[in-house]
Structures are given as C-alpha cells and as structure tokens.
Number of protein chains: 2
Amino acid sequence: MDQKLDTNEARKARRNARAERRTVDPAVPRERILNVAASLFRQRGYNGTTVRDIAAEVGILSGSLFHHFQSKEEILLEIMREAAFTICVRAEKTLEDAETPWQQLRELVRLELESIVGGVRKDYHAVLFFEWRDLPEAAKPELTRLQKRYNRSWRQAAEACHAAGLLRCEPDAAVLILHGSVRGAMTWFRPGGRYSTDEFGDILTALVAIDIKDNGKDNHKGSKP
Amino acid sequence: MDQKLDTNEARKARRNARAERRTVDPAVPRERILNVAASLFRQRGYNGTTVRDIAAEVGILSGSLFHHFQSKEEILLEIMREAAFTICVRAEKTLEDAETPWQQLRELVRLELESIVGGVRKDYHAVLFFEWRDLPEAAKPELTRLQKRYNRSWRQAAEACHAAGLLRCEPDAAVLILHGSVRGAMTWFRPGGRYSTDEFGDILTALVAIDIKDNGKDNHKGSKP
DNA sequence: CCTACCGATCGGTAGG
DNA sequence: CCTACCGATCGGTAGG
C-alpha cells in the first residue's frame with residue numbers, strides 16, 4: 001500500500017532525505033541502512049520492524065534494500081557481527097593495556113558500559129543482546145563463538161583478581177553479576193541522569209573487587225605530593 | 001493455510017490435546033491460553049508468535065481464541081498484569097514479614113529470583129521484562145504504576161539497610177545492581193547449574209550489604225548452643 | 001534506486 | 001469451539 005500510494009509528498013520526502021544525506025551524512029548506503037535498522041530494531045524489535053520502516057527512514061523504497069542485503073535476516077546478522085566482533089577486540093586490547101588485575105576489571109566494565117549506552121554503535125550492542133532469539137539458527141554458531149571469546153576476557157580478568165585476593169565472591173559469580181548489572185543499564189541509563197557511565201562502572205567494580213589503593217598509577221596524579 | 005489444510009491428523013492432534021487437558025490439566029481455558037502464550041512469547045517474542053501458534057498448542061483453532069480474549073494484545077496485557085500485580089503484593093508481604101533490613105533485602109532478592117527462574121509463573125515475569133516495548137501505549141500507565149509500586153518496596157529495603165550502615169554503595173546504585181543481576185539470571189540460569197537461586201541470591205545480597213551476623217534469628221538454629 | 005508486483009501469512013470476524 | 005473467510009500487510013523479486 002505504501003508503494004501504491006507513492007504520492008508527491010512521499011517523493012518529495014525521499015528527495016529531501018537524499019539531499020540531507022549527501023551533505024550531512026557521508027556514510028556509504030550500506031552503513032546508513034545498518035545504522036537505521038539498528039535503531040529501529042532496538043526500539044521496536046526485529047519482528048516489530050518492517051523492511052518498509054527501514055527503507056522509509058533511509059529515504060528509499062523497500063525493494064531497494066535488497067540491492068544491498070540479501071534478506072532482512074542478513075541485516076540483523078551484520079549488526080550483531082559488527083557489535084560482537086568490535087567488543088571482542090576491544091576487550092582483548094583492554095586486558096593487554098591494563099597494568100593490574102583490578103584495572104583490567106574496571107576497564108572491562110567501563111568498556112561494556114560505554115559500548116552499550118554511550119558509543120556511536122550503542123544500538124548495535126543493544127540489538128546483539130536483546131534480539132538474540134530472532135537470529136536464524138544457521139547464524140548462531142558464528143556469534144556464539146564470538147560471545148565465548150568475549151567471555152574469556154572477562155573470566156581472565158576475574159580470575160586474575162581472584163588470584164590476587166581482591167574478589168568478594170567467586171569469579172564465576174562476579175562475571176555474572178557484573179554482566180547483568182551493566183546490561184541492565186541499557187534499560188535505565190539516561191545521559192545526564194543519576195550516574196555517568198564511569199561513575200556507575202566504578203561503583204560496580206568497587207563492589208565486586210577490593211581496590212588496594214594501587215601504586216597511584218595515573219588517577220589523581222599529584223594529589224598527594 | 002493452516003485452516004484450509006485442517007487435515008485428519010490435525011483434527012486428531014486437537015482431539016488428543018483436548019483429552020489430555022481434561023485429565024492432566026484442569027485449568028480453565030482462559031488460564032491455559034495465558035500459560036501457553038506466556039511460554040511462546042518468552043521463546044519467540046510477542047511479534048514472533050502468531051495467534052495460530054498459540055491456538056495450535058492449546059489444541060483449538062485460532063478463531064476460537066477470540067471468544068476468550070478481544071485481541072492478541074489483550075493476551076499480552078493479561079500476562080503482564082498478572083506478573084506485575086503478583087510480585088508487587090509478594091514484595092510488600094516480604095517487607096512486613098522480615099525482621100531486619102538485611103533480611104528484607106535478602107528476601108526481596110530471593111523472591112525476584114524465584115519468580116523469574118523457578119516459579120510456575122516464570123514465563124509471565126520474563127514476558128513482563130522482555131516484551132515491555134510491545135505493550136500498546138494505552139496499557140503502559142497501568143503497568144508503570146505497578147512497576148513503581150514494586151520499586152518502592154526495593155527502595156524501602158535498600159534505604160533501611162543504608163540507614164543501618166550495612167550498604168556498600170548508595171541505595172540507588174544498590175537497587176540498580178541487584179535488579180540488573182537478578183534479571184540477568186533469566187538468561188543464564190539453568191536448574192541444576194552452577195548456582196541454585198538461593199545460593200546466587202545470597203552471594204548477591206552479601207556483596208551489596210554487610211551481614212552483621214544477626215541475632216541468630218532462624219538460620220542454623222541451635223548450631224551454637 | 002524505482003516501478004510494479006507476487007504469494008504467503010497475519011490478526012480478526014460472522015454465523016453457526 | 002469450528003467453518004470459512006476477510007482485508008491488510010509482510011518479505012522479497014523481475015525488469016528496467
């Protein structure tokens with residue numbers, strides 16, 4: 001019906017969307033589509049979003065989407081791949097860069113919080129966690145592998161803290177609690193609200209692991225002369 | 001299509017489902033439908049479940065559902081109402097029965113964990129949290145009110161703990177962390193897995209609030225003569 | 001990227 | 001609770 005009623009207003013709206021895109025957003029079409037789709041999937045869910053919804057917000061007609069993607073499912077898969085892969089790589093880099101187990105844990109918490117509520121790809125990560133069940137079965141093994149790889153980083157940090165006697169509970173429980181709390185932030189977090197991401201992250205880390213006021217590495221440098 | 005192909009096998013399946021229901025499950029039709037719908041909504045999401053799916057598992061044809069409910073949305077609403085109201089009432093009773101702030105918090109954690117992963121209505125609670133965005137706008141005020149009422153119980157317990165000097169972080173953060181961790185259990189919890197609900201609940205409570213080994217109320221009674 | 005469609009499936013209804 | 005449908009909408013396609 002949207003296509004039979006392709007009125008002059010609709011044509012004009014698409015023309016405007018196209019013009020705006022050219023000046024405001026230089027992203028290649030593929031990426032524009034993914035950004036729009038991630039945002040809509042987050043708001044309405046995968047099954048609650050139609051290919052016509054996505055196309056309309058990109059400023060094209062629904063049929064044109066299938067020049068860029070083979071199917072609606074492929075769009076979902078690409079969003080999740082991007083999110084899962086990016087956070088894996090960043091988590092591994094975080095572990096390498098941090099100098100103490102406690103800092104490893106704190107930085108992982110901050111990374112996940114920032115990815116989920118603050119980053120430019122936050123909708124991608126939200127979709128990865130919320131729409132998992134809508135993934136076609138055939139795509140699950142690939143993403144499960146990335147998920148496990150990501151979890152290894154967490155377990156490694158938690159076990160390092162445990163070995164150093166810093167953990168207030170078992171490493172397994174610590175990871176479950178940290179993950180749950182951070183992902184819960186997807187629901188309640190608002191920029192400018194009660195806590196910033198780093199504030200909440202630090203509260204959370206301090207709750208799970210004891211911070212033996214470390215060698216004064218880089219925080220508050222020079223506050224105690 | 002499912003209705004045009006109402007084969008003899010399908011008829012027989014319905015007959016069997018009806019017979020089994022009569023002997024195995026004496027629930028009134030309305031409740032049977034809600035149970036089935038809650039289970040399917042949890043597995044596939046609201047938009048991923050069709051009225052035909054629900055009807056098939058109940059053992060009737062899709063048209064017959066609308067003798068019991070006005071619409072698919074009303075089924076979702078009833079599930080959420082039931083879950084939200086029940087947990088509100090139980091939380092308030094929990095606060096009354098507990099004798100110390102620490103016990104209040106522990107029992108709230110246990111209540112929510114048990115509701116979400118163990119209780120007979122666990123799918124109802126999962127749907128309440130996961131399918132919120134699929135609720136028709138018109139129904140949100142009613143459920144938001146119940147949600148706020150439920151949160152009051154949590155805040156009350158958290159603030160009582162805080163006043164008693166038991167909390168390792170601010171009451172606001174404590175509630176956010178407890179809620180997130182407990183709801184995260186919907187994803188990873190398996191009966192017979194790493195932790196039982198009470199074990200995980202106690203780890204969680206002990207992390208957030210210090211247990212000043214209370215007056216030996218009822219736990220391990222008689223262990224110290 | 002658009003035009004112009006398609007077969008399938010959706011939630012829901014009327015009358016028994 | 002079933003029979004027999006409905007209008008709308010869905011994901012996707014062919015040909016330009």
Side-chain angles (χ1 to χ4, degrees), chain A residues 1-22 27-33 36-37 40-41 44-77 134-136, chain B residues 1-22 27-33 36-37 40-41 44-78 134 136:
Chain A
M1 162 153 274
D2 68 301
Q3 307 192 341
K4 286 195 175 153
L5 295 184
D6 191 11
T7 59
N8 285 332
E9 298 89 78
R11 285 167 206 269
K12 195 190 291 180
R14 279 209 303 287
R15 204 168 337 115
N16 288 342
R18 245 179 275 139
E20 192 182 327
R21 178 187 344 147
R22 227 176 284 121
V28 294
R30 195 181 160 86
E31 197 179 335
R32 264 189 63 79
I33 293 169
V36 164
L40 290 175
F41 289 167
R44 312 178 193 171
Y46 176 75
N47 283 312
T49 304
T50 71
V51 294
R52 284 164 175 82
D53 293 336
I54 299 169
E57 197 155 318
V58 172
I60 59 179
L61 286 180
S62 67
S64 307
L65 285 177
F66 298 96
H67 176 71
H68 301 283
F69 299 93
Q70 287 189 33
S71 65
K72 188 187 172 192
E73 281 182 347
E74 197 193 292
I75 297 178
L76 178 65
L77 181 53
D134 296 319
L135 252 192
Chain B
M1 163 154 272
D2 69 302
Q3 305 193 342
K4 287 197 173 150
L5 296 184
D6 192 14
T7 60
N8 285 332
E9 299 89 77
R11 284 166 206 272
K12 195 190 291 178
R14 280 208 303 286
R15 204 171 333 116
N16 288 341
R18 245 177 278 138
E20 191 183 327
R21 178 185 345 146
R22 226 175 284 121
V28 294
R30 194 179 161 86
E31 197 178 335
R32 264 189 63 79
I33 294 169
V36 164
L40 290 175
F41 289 166
R44 310 177 194 172
Y46 175 75
N47 282 312
T49 305
T50 71
V51 293
R52 284 164 175 82
D53 293 336
I54 300 169
E57 197 156 317
V58 172
I60 60 179
L61 286 180
S62 67
S64 306
L65 285 177
F66 298 95
H67 176 71
H68 301 282
F69 299 93
Q70 288 189 33
S71 64
K72 188 188 173 192
E73 282 182 346
E74 196 194 293
I75 297 178
L76 178 64
L77 180 54
E78 276 301 300
D134 297 319

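Every chain is numbered from 1 and lettered A, B, ... according to where its sequence line falls, protein lines coming before strand lines.
- Remark: P of D:dT13 and CD of A:Glu74 are 12 Å apart, rounded to the nearest angstrom.
- The separation between A:Asn47 atom CG and D:dC10 atom C1' is 11 Å, rounded to whole Å.
- Nearest to the side-chain atoms of B:Phe66 among the listed nucleotides C:dG11, C:dC1, D:dG11 stands C:dG11.
- Atom CG in B:Leu61 sits roughly 14 Å away from atom P in C:dC10 (whole-Å rounding).
- Scanning both residues, A:Leu135 and A:Leu77, for their nearest heavy atoms gives CD2-CD1, 4.1 Å.
- The side chain of B:Thr50 sits closest to C:dG11 out of C:dC1, C:dG11, C:dG12.
- When rounded to the nearest whole Å, the span between CZ of B:Arg52 and P of D:dT3 equals 14 Å.
- Put simply, CZ on B:Phe69 is 15 Å from P on C:dT13, counting in whole angstrom units.
- Side-chain atoms of B:Ser64 lie closest to D:dC1 of the nucleotides D:dC1, C:dG11, D:dG12.
- Of the nucleotides present, D:dC2 is the one that pairs with C:dG15 by Watson-Crick or G-U wobble criteria, both distances under 3.5 Å.
- Inter-residue side-chain proximity for A:Tyr46 and B:Asn47 is flagged as unmet; no heavy-atom pair is nearer than 4.5 Å.
- The shortest distance between the side-chain N/O atoms of B:His68 and the OP1/OP2 oxygens of D:dC1 is below 4.0 Å.
- The A:Lys72 side chain lies nearest to D:dG11 when the options are C:dT3, C:dG12, D:dG11.
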